[in-house]
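Only one structure is covered here, and it is reproduced in the block below.
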Amino acid sequence: MKPSGQQQFRVPGRGSRIGARSVSFSFDGKAYEALEGDTLASALLANGVHLMGRSFKYHRPRGVLAAGVEESNALMQISRDSARTTPNVRASVQEVYDGLQAQSQNRFPTLNFDIGGINNLLSPFFAAGFYYKTFKWPAAAWDKIYEPFIRRAAGLGQAPAEEDPDRYSNRFAHCDVLIIGGGAAGLMAAKLATRKKQSIIICDENPQFGGWLLSDTDIRIDGKSGPDWAAEAVAELAAMDNVRLLNRTTGIGYFQQNMMVLNQRITEHQSKPAPDETRERMWQVRAGKIIIAQGAIERHMVFPDNDRPGIMQASAAQSFLNKYGVAVGSQIAVYTACDTAYAAAFDLAEEGVNIPIIVEHRTDIADDLLAQANELGIRVITGAVVEGTGGKLRINSVTFAKQNGNDRETIDVDALITSAGWTPSLHLYSQSRGKPQWDEDTQRFLPGESPQECVSIGACNGTDDLADIFAEAAKCTGSRATKHVIEDDVSTMGGLIGATGSSADKGKAFVDFQNDVTAKDIALAVREGMHSIEHVKRYTTNGMATDQGKLSNMHGLAIASKLLKKPIPAVGLTTFRPPYTPTTFGSFVGHSRGNLFDPTRQTPIHAWADENGAEFEPVSQWQRAWYFPRSGEDMHQAVDRECQTVRSVAGVFDASTLGKIEVVGPDAAAFMNIIYTNGWDKLKPGRAKYGIMCREDGFIYDDGVVGKLSNNRFHVTTTTGGAPRVLNHMEDYLQTEFPEMRVWLTSTSEQWATIAVQGPKAREIIEPLVNGADISNEKFPHMSVVECKVCGVAARLFRISFTGELGFEINVPADHGRAVWEAVWARAEPLGACAYGTEAMHVMRAEKGYIIVGQDTDGTVTPYDAGLSWAIAKAKPDFVGKRGLQRPDLMSEGRRQLVGLATKDPSKVLEEGAQIVADPTRPIPMKMIGFVTSSYWSGTLGKSIALALIEDGNNLIGKSLYAPMADEVIEVEVTGTVFYDTKGERLHG
Amino acid sequence: MAKANVATRDNPTSGNRLANASVSIESAPPASRISFRATPKGAKDFGKTLDLDLPVKPGQSTSKSTLSALWIGPDEWLIIDTKNPIDKLMPRRENANFCATDISHRNVAFIVSGNGAENTLCASCPRDLSLSAFPVGSASRTIFGKAEVVLLRTGKTSFRLECWRSFSPYVWDLLVDGAHDAHI
Amino acid sequence: MLVIHCPYCQADRPELEFANAGEAHIVRPDNMAEMTDAEFEKMFFVRQNPKGVNLERWRHIHGCGRFFNAIRHTVSDKFLKVYKAGESRPSDAEIAELMK
Amino acid sequence: MRNFNALNLAREALRGHKGWGQQWRNPEPKKSYDVIIVGAGGHGLGTAYYLAKEHGVKNIAVLEKGWLGGGNTGRNTTIIRSNYLYDESAGLYNHALNLWENLSQELNYNVMFSQRGVMMLAHNVHDVQSAQRHIHANRLNGVDNEWLTPQQAKDYCPPLNISKSSRYPVMGAALQRRGGVARHDAVAWGYARQASAMGVDIIQNCEVTGINRATSGEVTGVETTKGPIGAKQVGIVAAGHTSVLMEMAGVQMPLESYPLQALVSEPVKPVFPCVAMSNAVHAYISQSDKGELVIGAGTDSYLSYSQTGSMHILQHTLDAIIELYPMFNRMKMLRTWGGIVDVTPDRSPILAKTPVKGLYVNCGWGTGGFKATPGSANVFAHTIAKDEPHSINAGFTLERFRNGRLIDEAAAAAVAH
């Protein structure tokens, strides 16, 4: 044997998975050698390292249990660098690469000496659900002492502290047949399905296809060894156009209508992945048919102290030997209730490993197994139980006896392998909403009917014999059965669920290793009235660890069933939830990070605003120019300047984000009459009108100016954020309530760039740019629209104002938006005009009492409340919202109504959202009668202005009210909503 | 009358271009586009004007020279002309049987071509875009990531993808991300 | 993600192209304004919300743009039938037949 | 019933915990009861508890078609807060919060209410305005809620990305320090244990299949899978299944049931100290005492009773989480699950009498029912016992959908511009 640390447990000549090249890695800072193809677990075992982790609650020393995804002890933190660090990686799955760095978790200061291990001594206190029973008194101690203590103990590994630099991707795929699992069953199904010329995807979670065939060295299929047969099948499939083979790819979730989600890991095994290589890819596969060939998972035996490092599944020991050429010990005892453990023992014995004892739980086993054991010099004791084990950081002895307690014996070992039989993997079947059926004969759940187009074959369907599996593969693909010569197939007879001996009463017999759930904990839960398996699970946390009960569920169920004296199906099976194995958030997110989290929409004029120093504000998906600070200006000063410039000279504003809808057809006006509260019959072509839209419930939904271009054509504008839902709302009425109307709706929001020019010099600025229209005050009064040319481009020009000043809005095709804007700017700037942003726009419209839907109204405000009763055509027989507006509460007196507020101290600017009360001296909870919707400093007026929704506001004009703030009470006077140019003369200037 | 420099059309992804071993993506030159809504009769009439029958079967397109007509919905077509100005396409007069709206500037197009074109699109589009499900000439409005797009398969390995102009930087970035994995 | 057969496109399309639009066959009467409060409540707020067969509306919003009706089972989420807007509500007998 | 305390726990530790009895009885149903509560979730069990404790009702049964606490009580993300805008909501949820603060002691069952603070992020000017409106209203209603700058938000929640260049930059946050999380199962179990001790029969695996009424209209009992059971009063507290049950009494409800998904990550060492939610970037997150990141977001868009949701909802939820906390991209999803939530048109609950005499309903909590559990149960018990609502739930009527007097928190947070 080699010196320690030099792969002294490597078995030469064995190992279907490993190569000859050696790689180095480190574990807890110590360097080790491994072979290419090793997993982290096999590599550590090759070096004689069994202690790989600590348990969650008791901090018990733990070694690897499994050679696959069901591992729940050997979880490690793997780091490539400070950002690429991943907690809770299963050592049994992680492939070793050159330079891999692994750290053990949940221990302090070291894995060998962990202070948290004191919990193990206190474990009698920490029984299932203990925290529900204590830490309640004194109540104050909860926040200060108990809770911080509990929270500090949380978790296993460390979350990364930096943003993940790696790339993830997504792929939608469609195929005729999707096969999950590339073992014997899956590969055979794929081979047969290809003959039907169907498109096929077959995936396997492991690096290599072959499943159990890679771990079983005895079996011969048509004269070939398992690994050889699998390799040939893969080569055959890979050569076909209609087959996609995905290794390192796990079927993680079965969703509706045969959508299976696959997680493919691409770089996790690479020593130095290319910097922009995709780390993981999510496949969302819609398949005509899904063949589930997930296999089965071996159960451990539940007996006292069954968790010491060096104790593992028999199948794991067999895999470590046959896939990786690693003997998991030199003195290995076996504890089993299933034939498969014998194959593991025999393989190990054939390599010269000493197998001192097979402790067989069953009383009767097949003669040929006994004979072969005898031949290899292995002692078998039947009808026996393991009563306990010895050792601290690794098992060093095992104590066993006959089931009646006789013939107790303790022997020295350095490993113990166990098998309680196999649990078919029903995860994906269950996720497809299939109902697993209990099979009393074999004491296991099996797939029942399939509610979707799927079929389970092989070990996950309870079919263990290879010849039968091949027959199933033929049947599920609609193929004729093929003939095969199969030799030395392994027997899977036997099995046991639940605890052995008196473990449910004595000692710590672990059911769920990671969460430290023992058979006693389950008994306690049952004793306390937890009679549903869901209660048992939640009370004890059995099955809630990172393996999601792959090892523990059946044992927990059996223990509860026995104590409840109820058959297993009556106790219930917990539901399987996606994902099958833990899956990175990154692979779900895929491309949708950073810029691609959500589209960022920018107007055609955005770049100009950016170049001219604008600050931007996000409005739904849009970025809008907020204000244009000049050097030294803060937001306040910039906005003040912009407002005053507009009012005294003019300003240019990018209104392109406004929604625009073209409403066209012979019945367009009739349709507008339905959708808007206003009347549209009298509006003449060339004129525009402000429109209000409600939902059926009578609350304001959206607003905007509508221009009538011709008898059949309206140019409708909506709020920026409202555009998509307004169009949907209109389409809904048009298609489903008024399909007989000849009207068509088209979104033109992005066809047009919209440039607002507002202020006394607005006409002077644009007049020379306009061709084909007389825009004089007489010919083109306020609320007009004309199709003309601006800067030589076909344009829709509106005479319209949201500032209260003389104003125009120029709509030009978007690709010309910036050029036209620059032409306007070239005229505007020399005249002393400015570019202004949304904030100045907000101030100026508030000075005029123009509302912003969504700010001065919310979904509880009617047009009447908002002071817009003039916009309701009461004589119309019908419009959307007419009936809703007649409901008692909407007609009641004293509703909140939009009014203006003037602070008694004009320099005081109210906070938007500030609540208004009539009597601020009342105790809390204080009666609130309204709140401030908009509030600004008006530089033009030299005082603050505000709009507010106030109960019975219209009748309170002139009265004093109060805004109680955290540190003061602000007195206000209720006013009308128009603060500036109350007669509205400037509009017509 | 003052004139701005409006001779060229400009959009946020004008001139964008990317090619790798599997796929090439480029921003298409500006085009003229009409959102055409019509009754069956209106569609027939307009087909005569255009000298191109509008497709009547769901998901199909017709084309002739630089002009294509894409079936979008039962009363909706997207007319694209990659050469002629919009004035030449737009119907002269309004008609009770149809409605034509100029949306030339609303959309931006990308040409995605190469053996990896389908894979590039399938990174973000949930539709089955295999040749059998979406043969050459197929057209459809669909979803691409979080943006709505119109897809037209112009060849076995080439697609035209149209989106609204403010979505084009997002769609471009998403295409580039998809192109990265196009060889798989 | 569901697969939904659009009766206008006459093809299966991914759910991401659609928007659910609530219960189907809620009639907006011509004489809306004369409804009682109770009738308005029923039309606007009260919903069948069945555990079983649901008659509902979808819009193929990122496809052909059409609203249409569907019969779907709310436990299995399976679609039993889709039909165009304006087509009359299938009879209970027809729905029972679809359930088989 | 043994008292749950450290001394008894220590005593039991020495003898293998053999002395603990059943936390609740599992009786067969009697022929009739004074009050039957349908639904043994937190709200239903709590209702029974308060009926027995505060109103002296002796003869109560809680019927549950599955196992107690198995519905939304055991399927939610356990967030507790009361910083609602409207007086009605603030009153109801703050009543609940006050009860939460003493619930472990009251029930002699540690529900692990952890007041780690609930932070609601603002990402645009509209969010800021809305948050300020809440803060001001909360202050005058006696509900704690305070404004944090982006840096203060980051200090309170270090994983938060407050970079100005992110797609949805954080412009600030509203923080309710009294808010937090609790151990959801323990709430159901704690109420069940005390209710059972006071004589309430909790009958699991007993599905209600009909509601019996006298010819004069009033409720006389229910039909169940365990036979008919008489009752003078019946309270329906069945979340997503309310429509189905109320239909049995001939009452059609303004409710729709949607699948709501949540997920947890693998457990990691403490990294996320509070609860954080965002409406604009739609997702919420906290870290459980086991170390799992607990994450939720919106519902699917269609009615469903299937308790499973769509892949793209999970994706959008995680997109949002990674936008806000990019460091979690390599974390792994451990488990996802779905519940069925019942949603009213104004997204506020109904806690009220019904048109049927003797029939009461507590429903419509949407995605936010857990936080209200003790308050809802407490006032619903009052409503049944007195046959009239408590002042706190007086506004949460069924009639509001007729007269238009809605309590629409979501509409108040309208998004437009």
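- When the shell of 6.0 Å around CG of A:Asp276 is examined, it contains more than 12 heavy atoms from other residues, nucleotides or ligands.
- For the options B:Leu121, B:Thr101, B:Asn107, heavy-atom pairs under 4.5 Å to chain A are most numerous at B:Thr101.
- Here A:Arg713 is the residue among A:His606, A:Arg713, A:Arg286, A:Gln284 with the most heavy-atom pairs under 4.5 Å with chain B.
- To the nearest 0.5 Å, atoms NE2 (A:His591) and OH (B:Tyr170) are separated by 9.5 Å.
- In this structure, chain A has no heavy atom under 4.5 Å from any part of B:Ser130.
- For A:Ser199, no part lies near chain B; criterion is any non-hydrogen pair under 4.5 Å.
- The heavy-atom pair separating B:Lys146 from A:Phe597 by the smallest distance is NZ-O, 2.6 Å.
- Between the A:Glu750 side chain and the B:Ser166 main chain, a donor and an acceptor come within less than 3.5 Å of each other.
- Of the listed residues (B:Cys122, B:Pro30, B:Ala38), the one with the most heavy-atom contacts under 4.5 Å to chain A is B:Cys122.
- Taken from OG in A:Ser749 to CD1 in B:Ile103, the straight-line distance is 12.0 Å, to the nearest 0.5 Å.
- At a 4.5 Å heavy-atom cutoff, the contact between A:Arg244 and chain B is made by side-chain atoms alone.
- Looking at A:Arg167 and B:Asp177, a side-chain N of the basic residue comes within less than 4.0 Å of a carboxylate O on the acidic one, giving a salt bridge.
- Between A:Phe172 and B:Cys125, the closest heavy-atom pair is CD1-O, 3.3 Å.
- When heavy atoms are compared at a cutoff of 4.5 Å, B:Arg33 does not approach chain A at all.
- The backbone N or O of A:Ser747 lies less than 3.5 Å from a partner atom in the side chain of B:Arg106, making a donor-acceptor pair.
- By number of non-hydrogen pairs under 4.5 angstrom with chain B, the leading residue of A:Arg742, A:Glu662, A:Glu767, A:Glu822 is A:Glu662.
- Classification of B:Asp181 and A:Arg171 as a salt-bridged pair fails, no side-chain N sitting under 4.0 Å from a carboxylate O.
- When B:Ile86, B:Asn97, B:Val108 are compared by the number of non-hydrogen pairs under 4.5 Å with chain A, B:Asn97 comes out ahead.
- Considering only heavy-atom pairs separated by less than 4.5 Å from chain A, the leading option among B:Asp102, B:Asn95, B:Asp75, B:Leu129 is B:Asp102.
- Only the side chain of A:Trp622 has a heavy atom closer than 4.5 Å to any heavy atom of chain B.
- No donor-acceptor pair under 3.5 Å is formed between the side chain of B:Asp10 and the backbone N or O of A:Asp815.
- Annotation: maximal heavy-atom pairing with chain B below 4.5 Å, among A:Ala753, A:Pro666, A:Pro813, A:Gly817, occurs at A:Pro813.
- Contact of B:Pro126 with chain A is made through backbone and side chain together, with heavy-atom distances under 4.5 Å.
- Atom OG1 of residue A:Thr748 and atom NE2 of residue B:His105 lie 13.0 Å apart, to the nearest 0.5 angstrom.
- Listed options B:Ile184, B:Asp173, B:Thr39, B:Leu174 were ranked by heavy-atom pairs under 4.5 angstrom with chain A; first place goes to B:Ile184.
- Put simply, NE2 on B:His180 and CD on A:Glu277 are 6.5 Å apart, with the number rounded to the nearest 0.5 Å.
- At a 4.5 Å heavy-atom cutoff, A:Trp752 makes no contact with chain B through either its backbone or its side chain.
- With a 4.5 angstrom heavy-atom cutoff, B:Asn119 touches chain A via backbone and side-chain atoms both.
- Contact tally against chain B (heavy-atom pairs below 4.5 Å) for A:Val664, A:Thr746, A:Thr603, A:Val743: the top residue is A:Thr746.
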